[in-house]
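Residue numbers start from 1 in every chain, and the chains themselves are labelled A, B, ... in the order their sequence lines are given, proteins ahead of strands. Fair warning: this is a prediction, and the values are worked out from it, not measured in the lab.
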2 protein chains.
Amino acid sequence: MVRRTREEAEQTRCLLLDTAEQLFSVKGVSKTTLADIATAAGLTRGAVYWHFENKLDLYRAMLDRVAPAFDTIRTELLTAAEADPAQALWAHSLNVNRVIASEPQIRRILLILLKRSEHVDELAPIHDECVAHMREGQDVLRQIFQLACDRHQTLPHVDPTLAACALQSIHNGMIDLSLEDSGCFDLEHQAGDVLAYLYRGLFRSEVLENLSPRL
Amino acid sequence: MVRRTREEAEQTRCLLLDTAEQLFSVKGVSKTTLADIATAAGLTRGAVYWHFENKLDLYRAMLDRVAPAFDTIRTELLTAAEADPAQALWAHSLNVNRVIASEPQIRRILLILLKRSEHVDELAPIHDECVAHMREGQDVLRQIFQLACDRHQTLPHVDPTLAACALQSIHNGMIDLSLEDSGCFDLEHQAGDVLAYLYRGLFRSEVLENLSPRL
DNA sequence: TTTTACATACGTTCTTGCATGTATGTAAAT
DNA sequence: ATTTACATACATGCAAGAACGTATGTAAAA
């Protein structure tokens, strides 16, 4: 399979990334060799080394493909927050679940990040970026909870920082559960109700009644 | 360092497990070789192969050292549940955080399980056991939430299964956050307040007021 | 004709598993 | 109380196979 034009080369690159995604999610990152990826893609290691410097470079490129999706969600949250913080958070929570439940590629990448790679050594800097990204996300949540507090949407004694931790934690926990092979948790159908329990402990009932879609 | 008696041999075994724990948590499981462990312990690979069949056997033995701690916590939960389910759950939640916060060995093992190993291949059966253990734990939580529902301790429309998911998720999420190097979350000091938000969305206020230690 | 997009071949570095060596402990026979 | 016989607790050496990086070959595109 010899690709000749630039266009076909781009296809080859995508194929390698898709194949890597697949193999990483099944065999784990450390157990998947560049030869495995090349062979599974119907190519040779030469092709891999043409498109990527090494395994780490390929790994980073693979993750970069899904970053925009998360940026989009965050932007939507920020723009909606000024009008109604509580509503913005609720919509955001459902958004996160919907995206993860509906896009297999996102699920595969999360699976690789959370359960198919070791967060050390060469991969450490990449995972550090992910953690930094997560902390930014948590800070965004904190700001919006602060807004909600200022507008008295939250229950008394709700601290914005801790509320952000709570929301982030329960989201991460649910994502983790849903990624287990056993499939003991279904993000699309159960996450809304689970989130509702937490929201009821954070926001006043008048606020909760006005959330759409219905809490 | 030649150990001659059985007693000294047991010490050597422990030393190897301690060393493995340390190295796994720093370098990751796949990047840590048996030679690394042996050398760091001041021994050779021969010693490792004497005490353990192979790397997998060593890994399992390492995990087995902390299993009793979790069993103890679960037993405490079950015995306390009959008298007062809500109180038992609250005490259990605080217990989990206290144990993890106070015992470095537990934290190291959790770190290895969650962020320093790939849940595939030879390690897969071990991690499957962990998942099974977790699901049993979730079922215990469900049963106790069922008790709480029966006694009208919970708010209306709280489903035991989903409540168990919620509690498990937020616990796992907090543990995950607390294990990050950045230390952006402190299990011992912040987890109680975060948990309180969820409990307020699950239990009636009369029940919450009677929880000790104070919610 | 040069560059692109790969394929092929080679050398090196780990890592593992096993086989073997050896010094010490231990229990029973004498 | 010795000696004998064997088990224990490691250390050392070797063979074999990954996996990687690189160097080189090659056919088509530009």
Side chain of Thr44(A), heavy atoms from C-beta onward: which of dT8(C), dC18(C), dC10(D) has the nearest atom to it? dT8(C)
Flag, side chain of Gln168(A) to backbone of Ala164(A), donor-acceptor distance under 3.5 Å: no
Selection from dC10(D), dC20(D), dC6(C) that lies nearest to any side-chain heavy atom of Ala47(B): dC10(D)
I want to verify a distance call: between dG13(D), dC20(D), dT15(C), whose nearest atom is closest to the Arg45(A) side chain? dC20(D)
Could you tell me the separation between the CD atom of Glu10(A) and the C1' atom of dT4(C), rounded to a whole number of Å? 14 Å
Within this structure, what is the CG-to-P distance between Asn54(A) and dG21(D), rounded to whole angstrom? 6 Å
Between CZ of Phe52(B) and P of dC18(C) the distance, given in whole Å, is 17 Å
Would you say that His171(B) contacts Asn97(B) through its side chain, given a criterion of any heavy-atom pair below 4.5 Å between the two side chains? yes
Ignoring hydrogens and angles, tell me if any N or O in the side chain of Lys115(A) forms a donor-acceptor pair with the backbone of Val120(B) under 3.5 Å. no
Rounded to whole angstroms, how far apart are CZ on Arg13(A) and C1' on dT4(C)? 16 Å
Name the orientation class of the two ring planes belonging to His127(A) and Tyr59(A) (parallel below 30°, tilted from 30 to 60°, perpendicular beyond 60°). tilted
From CD of Gln11(B) across to P of dT8(D) the rounded distance in Å is 19 Å
Calculate the interatomic distance between Leu34(A) atom CG and dT22(D) atom C1'; express it in whole Å. 13 Å
OP1 or OP2 of dA5(C) less than 4.0 angstrom from a side-chain nitrogen or oxygen of His51(A), does that happen here? no
Inspect the contact between Glu180(A) and Arg135(B) and indicate whether a charged nitrogen and a carboxylate oxygen are less than 4.0 angstrom apart. no
Check whether any side-chain nitrogen or oxygen of Thr12(A) sits under 4.0 Å from OP1 or OP2 of dC6(C), and answer yes or no. yes
According to a strict under-4.0 Å criterion, is Tyr49(B) in side-chain N/O contact with OP1 or OP2 of dG17(C)? yes
Atom-to-atom span, CG of Asp121(A) to P of dC14(C) - whole angstrom: 13 Å
Rounding to a whole Å, what distance do you find between Lys55(B):NZ and dC14(C):C1'? 12 Å
For dC10(D), take OP1 and OP2 only and decide whether either is under 4.0 Å from a side-chain N or O of Trp50(B). no
